[in-house]
Amino acid sequence: MMASLSSSLTFRSCYSATSFSLVNGNKHRSLSFLSASPRVFKAYELCFRFQRKSGRSSVFMQDGAIVTNSENTKSSLKDLKDEVLSVLSEEPAKVGSESNGQSQPTVSITVVGASGDLAKKKIFPALFALYYEDCLPEHFTIYGYSRSKMTDVELRNMVSKTLTCRIDKRANCGEKMEEFLKRCFYHSGQYDSQEHFTELDKKLKEHEAGRISNRLFYLSIPPNIFVDAVKCASSSASSVNGWTRVIVEKPFGRDSETSAALTKSLKQYLEEDQIFRIDHYLGKELVENLSVLRFSNLIFEPLWSRQYIRNVQFIFSEDFGTEGRGGYFDHYGIIRDIMQNHLLQILALFAMETPVSLDAEDIRNEKV
Ligand SMILES: NC(=O)C1=CN([C@@H]2O[C@H](COP(=O)(O)OP(=O)(O)OC[C@H]3O[C@@H](n4cnc5c(N)ncnc54)[C@H](OP(=O)(O)O)[C@@H]3O)[C@@H](O)[C@H]2O)C=CC1
Ligand SMILES: O=C1O[C@H](COP(=O)(O)O)[C@@H](O)[C@H](O)[C@H]1O
C-alpha cells in the first residue's frame, strides 16, 4: 500500500514509536505517550515548554542532547519535567484536598476497547513508557474496559506481551514492567450499559481511596460506538471532584458534516475542553523531529525554502498487507484513513511558515 504526494525527502512508515499529540479543540495540549525514545521526546517536548516559560535559550540536538546557556541545566530540566507532570495532574480539584486529608490527586485511565489492536499495540506500551519515565503521577490506576471476558491477570498477560524496553535507559525495565502491570486492572462491560459503567465507577473509587480523582477515558473502539460509551462514561463514571477527559481516536467522521455531527453528539455529554482528538502519527519520533530539524538545526533552517528545494514527496509505505483491514478500508477509504489526517499533518509541518514560537497553538495557527 502506498500513498504518495510529491519529495526529495522521503518519509517511510517504518517506525514503531508510540506517542500521541492531543489536539484539544481550539487549544492544544501536548500529552505525549511515547514508547520508542523518551530521551528524544523529553528534549523536544520539554524544550518548547522551557523556552516559553523561561525565555532562556537552549538548542536541542538531533540526538536529544541539550545545549543551553543555563548555568544550572540540571535544575532547569527538573522544572521542565515537573511541567510535564503537571499536564497530567493539572486543574486542581473542585473539592479541597485538605478536606479528606489526602493531598495528592489520582489519575484513573480507562482504556475503553482494551481487548483491541490499538490498545495492545500502542496504548498500553505508551502508558508503560510514561510510567518508566516517571511521567505518570504517583497515584494512578489503569483500567482496561471491553466486552471480552478477562480477569485482571489475563489482561496483564495480554499487555505484558507488547510492553517493550525499547527505550534508551533500560535499567530495571523488567522490574518497572512488573510494577506497572500491578497497576493495571480490567472490567468487562458493554459500551452502552450505564450499569456496567457504574460498576466500573465503584472499582475506580476503591483505587482512588478518597483522593481527588481525575479520570481519563481513552476511546479505542470503532467510531460508531463512541457516543454510547461517552454517554455512559460521563453519566455513570465521571469524576465528582476532579477532571474527566476523553481521548477520541480518529476517524472523526468521514467528512466535514459527519465530523461536526460527531462533535455535536459528544458535546451533549462533554465540554469541548474535555475532548482530546488524537492523531498518533504526530507523536512519532520522525514527525516530532521534523520541527527540530526545521527550526533548530543550523544547517537545514536557512535552506528550508522554495529557493533551495525543488521537489517534495511524501511516501507512506507499509511492509505488510491489509492484515484484516480490508473491510474497513473498503468501507471507509484508504485516502480518508491515512491521507487527510496523517499525511496532511506532515505536509503542514513540512511546508508551514515559521511559527511565532514552537508552542502548540502557534504551530496550529501556521498549519491552518
Ligand atoms: N489499530 C490501529 O493501529 C489504529 C486504530 N485507530 C482507531 O482506533 C480505534 C480502535 O482501533 P482497533 O483497536 O484497531 O479496533 P478493533 O476493531 O480492534 O476494536 C477495539 C475493540 O472494540 C470492540 N469492538 C470491535 N468491534 C465492535 C463492534 N462492532 N461493536 C462493539 N464493540 C466492538 C472489541 O472489543 P470487545 O469485543 O472485547 O468489546 C475490540 O477489541 C478505531 O476507531 C480505529 O479506527 C486509529 C489509528 C490506528
Ligand atoms: O491510523 C492508522 O495508522 C496506521 C499506521 O500507523 P503506524 O503507527 O502503525 O505506522 C495504519 O496502518 C492504519 O491503517 C491507520 O488506521
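Reckoned from all heavy atoms, side chains included, excluding hydrogens, waters and symmetry mates. We count ligands from 1, going down the list as the structure has it; atoms in each ligand are counted the same way.
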Once you round to the nearest 0.5 Å, how far does CG of Asp152 lie from NZ of Lys182? 13.5 Å
Using a strict cut-off of 4.0 Å, indicate which atoms of ligand 1 neighbour a heavy atom of [X].
{"X": "Pro223", "result": "43 (O)"}
{"X": "His280", "result": "47 (C), 48 (C)"}
{"X": "Pro251", "result": "45 (O)"}

Lys176 with Glu133: basic N within carboxylate O range, under 4.0 Å: no
State whether Lys149 and Glu154 are salt-bridged, where the test is any N-O pair (Lys NZ or Arg NE/NH1/NH2 against Asp/Glu carboxylate O) under 4.0 Å. no
Checking a contact table here: which protein heavy atom is nearest [atom], and how many Å away?
{"atom": "atom 20 (C) of ligand 1", "answer": "Ser220 O, 3.4 Å"}
{"atom": "atom 46 (C) of ligand 1", "answer": "Glu249 OE1, 3.2 Å"}
{"atom": "atom 25 (C) of ligand 1", "answer": "Pro222 CG, 3.7 Å"}
{"atom": "atom 43 (O) of ligand 1", "answer": "Ile221 O, 2.9 Å"}
{"atom": "atom 30 (N) of ligand 1", "answer": "Arg147 NH1, 3.8 Å"}
{"atom": "atom 41 (O) of ligand 1", "answer": "Ser115 OG, 2.7 Å"}
{"atom": "atom 23 (C) of ligand 1", "answer": "Tyr191 OH, 3.6 Å"}
{"atom": "atom 4 (C) of ligand 1", "answer": "Leu118 CD1, 3.5 Å"}

Any chance the side chains of [X] and [Y] put a donor and an acceptor closer than 3.5 Å?
{"X": "Glu179", "Y": "Tyr131", "value": "yes"}
{"X": "Tyr186", "Y": "Ser146", "value": "yes"}
{"X": "Lys367", "Y": "Gln345", "value": "yes"}

Given 3.5 Å as the limit, does a donor-acceptor pair link the side chain of [X] with the main chain of [Y], or not?
{"X": "Ser239", "Y": "Arg215", "answer": "no"}
{"X": "Asn289", "Y": "Val292", "answer": "no"}
{"X": "Arg156", "Y": "Leu181", "answer": "yes"}

Would Lys122 and Glu249 satisfy salt bridge (Lys or Arg N to Asp or Glu O under 4.0 Å), going step by step from the backbone distance to the final call? CA-CA 12 Å; Lys122 311 264 190 196; Glu249 269 289 344; over 6 Å; no
Should the proximity of Phe329 to ligand 2, defined as any heavy atom under 4.0 Å, be assigned to the side chain, the backbone, both, or neither? side chain
Using a heavy-atom cut-off of under 4.0 Å, does the side chain or the backbone of Arg325 touch ligand 2, or both, or neither? side chain
So is Lys121 touching ligand 1 or not, going by heavy atoms under 4.0 Å? yes
Does ligand 2 have any atom that is closer than 4.0 Å to a heavy atom of Lys250? yes
Can you confirm whether something in the protein, heavy atoms only, sits under 4.0 Å from atom 15 (O) of ligand 1? no
Region of Asn224 that comes within reach of ligand 1 [heavy atoms, distance under 4.0 Å]: neither
When the ring centroid of Phe295 is compared with that of Trp304, is the distance short of 6.0 Å? no
